[in-house]
Amino acid sequence: MRAEDSIKCIKGIGEKTALLYEKLGVGTVGDLLSYYPRSYERYEEPVSIREAARMDFAAVRVVLVSTPSVVQGGRVPVTIGFFEDAEGMRIRAVWYRSPYLRSTLKPGTHYVLRGKLKGFGRGRSFEMPQLITPDAYEEKRKSLQPIYPMTQGITSAAIGKAVAAVMQEGCIVPELLPEEIVSAYGFMERNAAVSQIHFPTGEKLLRKAHDRLAFEEFFRFLLRVRKMKEELEREKNHFALVRDDETEAFLKRLPFRLTDAQQKTWKEIEEDLTGHHMMYRMVQGDVGSGKTIIAFLAMYLAALCHYQSVLMAPTEVLARQHYQNFTDMAGRYGLDIRVQLLTGSMTASRKREALAAIENHEADLVVGTHALIQEKVRYHDLALVITDEQHRFGVRQRELLSEKGHTPHVLVMSATPIPRSLAMILYGDLDISVIDEKPSNRLPIKNCVVDIGYREKAWNFIRKKIGEGQQAYVICPMVEENEEVSGEDVIGYAGKLRNFYGNEVSVEILHGRMPDAEKDRIMTEYAAGRINVLVSTTVIEVGIDVPNATVILVENAERFGLAQLHQLRGRVGRGKDQSYCILINTSGKPEADERLEILNRENDGFVIAREDLRLRGPGDFFGLRQSGELAFHVADIYADAALLKQASEAVNRYLDSSGTAAVPGMERLI
Ligand code: ADP
Ligand code: MG
C-alpha cells in the first residue's frame, strides 16, 4: 500500500464509507495517516462511589452485590446490577439489550465500572458502563488509546482500525524534512513519528513524535510566510488612494467615539493605504475591542477612492452579520457605497447576480466567505482585502485572495491572544497594530464556575433574564449524543431545555452540521430577538455580535481551552447591560475548577492564554485544543512555543538571504 493509494484499498472501506471519509478530508492512505488523533483516552484512576456521584463520567472499583435482574423496559431488555465499593457505598448500573450479562456476572466478583452517570440523587446510576477486571484495568491505564475527530457515520474506533490496518501493511510515509535538519535537531524520523502519534507506546515517545510533527508544521508554515514577505517587500503602492475627509465626517456621526487604540490603529491603516508601499498589516484586538468598524473605515476609504475591497469571514454566519451591519451603516449615515454579499449557500441565481455586480464594479464593499476566493469571482479595481479572524484561514488562502487583485493591500484581523514575541514569528510578514483597550461603556462580565448541581438554578436564572427581554447562549461540546464520548450535546440539551421551559421560552439550536441556509436563518432570528435561547456548539465562538445576549452558559466547560472559553465569553458583554458567564464543571474535579477560576479573575486574553499554559504544564501538550489555531494540526502555538522558535531559527538558517533553499529537499516543503 502506498500513501497515494485511495483509502478504498483498505479492508472494510467501500464506496459508502469512503464518502464519509471524504467529509473528513481523507481520500488517500496518506491522508488517513496524517489524520492525527485529537487526543488520547487515558483510563482514569478509579474514584469512590461517593465522588463518582458528583461526576458525569467516572471509573469505580466495586464488587457485584447480587445477581443482576433483567426487566423489560419498553421494547428492550434492561439489565440492572448493584455494586458496592470499599466504603460500603452502593450504586446501580444499567445495560440495555445485554440480557446475557445476568448469567456472566457473578456476585462477589471485583470489577472496575467505567462510564457515564445519569439521574439524580438516589436514582444516580451508571449507564452502559464498561466492566473490566481490576487487572485488565491496570493494564489499560498504561496504554493510550487514540481518539479521532469524527464525522457522522464513522466512529473513532473505526478510524483507529483503518489506521492500524494500513500500518500492518507496512505503508511507508516519505520523509519531508531535509535529512540535515532531522539530524541537526535530533528529530524522530517521519515514519516512526506518524506511527507513534496514532498508537503511542508510551508518553515519552509520544512526546517525541509530537515534537517532530509540530516542528514540521511550523517549519512549513514559516517557509511560506517568508516567501510571501519577500514577494511583498518589492511591491510599491500602485493604487491612487488618498485621504478623504468623508471618513472623519462619518466617524463624527457614529453614536460612539473610537477608543484611543482604535483611533491609533485607524491612523496607521490610513497611512499605509495612502503611503508608498503596499499595506500588509494585522490588527490584533481582544474580543469586543471593536475591530469591525476599523475594517469598515478602511473599506469605506477604498470606496471613496473608487476602488473595490473585500472582507472575508470564516463562517457564513459571521459574513452575513458583517454584510447586514455594513448595509445598515451605509443606509443610516447616507453613505454612497454599495455592499455586496457572496457566500456558498446563496442560490445559484443570487450568486450569479452577486458575481456580475462584483465584476461590473456595481459593488464597492464585498463581504463573504471562502466563496470569495473561488476561481469564477472576478474583481474590478480590487485594492484592499481584509480577512476577519484571519487565524482561521491558512496562509494559502490569504495568498489566493491577494492573487485575485493585482496584489491588493492586505489587512488581517485577529482576536487570538498571542504574546508579541510569538506574533512576530508567526506573522513576521505583517506589521502589527494592537487594540488593547475596550469601549468604555461596558460593564465587566460576571463569571461563575459551578458543578452540575447548579444546572437548574442556572436555567431559572436564564428564564429570569429572558423575562427582562434579554437573550442567552448555551454551549455544548457535542452536536448529538455519542456512545463513545460523554458530554452534553446540542440536540439533547435543547430537548431538556424545552421540557424545562415549556412554551414560555423559545429554544433553538445551531451547529456546524446544519445546512448553511438554516444556520443563517437561525442566526438572523436570534439577532432579531425572536429566539430566546440558542443552544450551540462552538460555531458561535468567532465574531458573532448580538449585544442583547447577556448570558452564556457553557456545559462541560473543563473540556475547553481557556482561550477558547474567553472567546465564547466574548459573545456577551457587548452592550450596556450587565452580562453573565456561567461555566459548568462537569468533571467533579477541583483541579478543573482551579483552571476555570482563572477566567473569573482575568479578562485579558493574553494573560489567560499564558496562565492556561502554565497550569496545563508542558506534559499536557494534547490536552485541550486552543481555539483559532486550526491552521495547525498537531502544533499548538502556546504549548509548543519553544518549537516554534526553533523552526523560526531553522528557517533563517536554511534559507539563504536571497530566499533560496540552502539544503536539498526544501522545495517539497513549500
Ligand atoms: P470585535 O473586536 O470582537 O470584532 P466588534 O467590532 O464586533 O468587536 O465590536 C463589538 C461591539 O462594540 C459592536 O456592537 C460595535 O458596534 C461596538 N463598538 C465598537 N467600537 C466602539 C466604541 N468605540 N464605543 C462603543 N461601542 C463600540
Ligand atoms: Mg469581530
Side-chain angles (χ1 to χ4, degrees), residues 247-248 250-267 269 282-300 311-330 332-333 367-369 386-393 411-418 432-445 470-471 473 523 526-529 538-550 552 563-577 579 603-606 608 627-628:
T247 55
E248 294 306 315
F250 159 70
L251 281 175
K252 287 216 178 74
R253 272 173 275 159
L254 278 181
F256 52 78
R257 283 175 50 103
L258 292 188
T259 61
D260 289 347
Q262 281 173 314
Q263 185 66 33
K264 180 163 164 278
T265 300
W266 163 235
K267 283 294 146 196
I269 291 168
M282 168 157 78
V283 174
Q284 235 193 42
D286 212 346
V287 278
S289 60
K291 294 183 289 295
T292 315
I293 192 73
I294 302 295
F296 181 77
L297 279 167
M299 294 175 92
Y300 183 36
L311 171 65
M312 182 159 79
T315 63
E316 289 265 338
V317 167
L318 189 53
R320 165 78 52 158
Q321 178 188 286
H322 285 322
Y323 168 74
Q324 205 61 51
N325 180 11
F326 290 1
T327 311
D328 290 350
M329 278 199 280
R332 193 172 328 130
Y333 303 112
V367 178
T369 53
I386 305 182
T387 55
D388 190 15
E389 306 290 347
Q390 92 85 26
H391 46 282
R392 293 277 160 152
F393 298 106
L411 185 65
V412 302
M413 303 199 294
S414 173
T416 308
I418 309 175
I432 301 177
S433 299
V434 182
I435 307 185
D436 51 5
E437 165 186 21
K438 294 236 171 104
S440 57
N441 63 345
R442 310 276 168 79
L443 292 168
I445 298 169
Q470 296 167 12
Q471 290 163 278
Y473 296 103
M523 232 22 249
Y526 187 72
T538 53
V539 290
I540 58 128
E541 141 194 0
V542 283
I544 297 304
D545 185 41
V546 179
N548 192 47
T550 56
I552 184 163
Q564 187 170 21
L565 288 171
H566 177 65
Q567 287 276 339
L568 284 168
R569 170 169 72 179
R571 294 314 116 216
V572 298
R574 297 183 150 250
K576 58 182 188 338
D577 295 313
S579 289
N603 222 338
D604 177 334
F606 286 43
I608 288 168
S627 70

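Indexing begins at 1, ligand by ligand and atom by atom, following the structure's order. Every heavy atom of this structure was used, including side-chain atoms; hydrogens, water molecules and symmetry mates were not.
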Student: Considering only heavy atoms, does T292 approach ligand 1 within less than 4.0 Å through its side chain, its backbone, both, or neither?
Tutor: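 Under 4.0 Å from ligand 1, T292 contributes backbone and side-chain atoms.
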Student: Atom 27 (C) of ligand 1: which of G285, P439, A295 has the nearest heavy atom?
Tutor: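 That would be P439.
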Student: Salt bridge between E437 and R442, side-chain N to carboxylate O under 4.0 Å?
Tutor: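 Answer for the salt bridge query: no.
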Student: Short N/O distance, under 3.5 Å, between G290 and ligand 1?
Tutor: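 Yes, there is a polar N/O contact under 3.5 Å.
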Student: Please work out, at 4.0 Å between heavy atoms, whether the side chain, the backbone, both, or neither of R257 comes within that distance of ligand 1.
Tutor: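 Contact part for R257 vs ligand 1: backbone (N, CA, C, O).
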Student: Check the angle between the aromatic planes of F250 and Y333 and answer parallel, tilted or perpendicular using the 30° and 60° thresholds.
Tutor: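 F250 and Y333: perpendicular rings.
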Student: Is it true that a side-chain atom of Q284 and a backbone atom of I432 form a donor plus acceptor pair closer than 3.5 Å?
Tutor: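 Checked: no pair found.
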Student: Nearest heavy-atom pair of I386 and A295: which atoms, and what distance?
Tutor: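 Scanning both residues completely, I find the closest heavy atoms to be CD1-O, 3.7 Å.
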Student: Between R442 and ligand 1, which part of the residue brings a heavy atom under 4.0 Å of the ligand: side chain, backbone, both or neither?
Tutor: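 Near ligand 1, R442 shows its side chain, while the N, CA, C and O stay back.
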Student: For the side chain of S579 and the backbone of G573, is there at least one donor-acceptor N/O pair under 3.5 Å apart?
Tutor: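 Present.
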Student: Numbering the atoms of ligand 1 from 1, which are under 4.0 Å from a heavy atom of T259?
Tutor: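 Checking each atom against T259, I get 23 (N).
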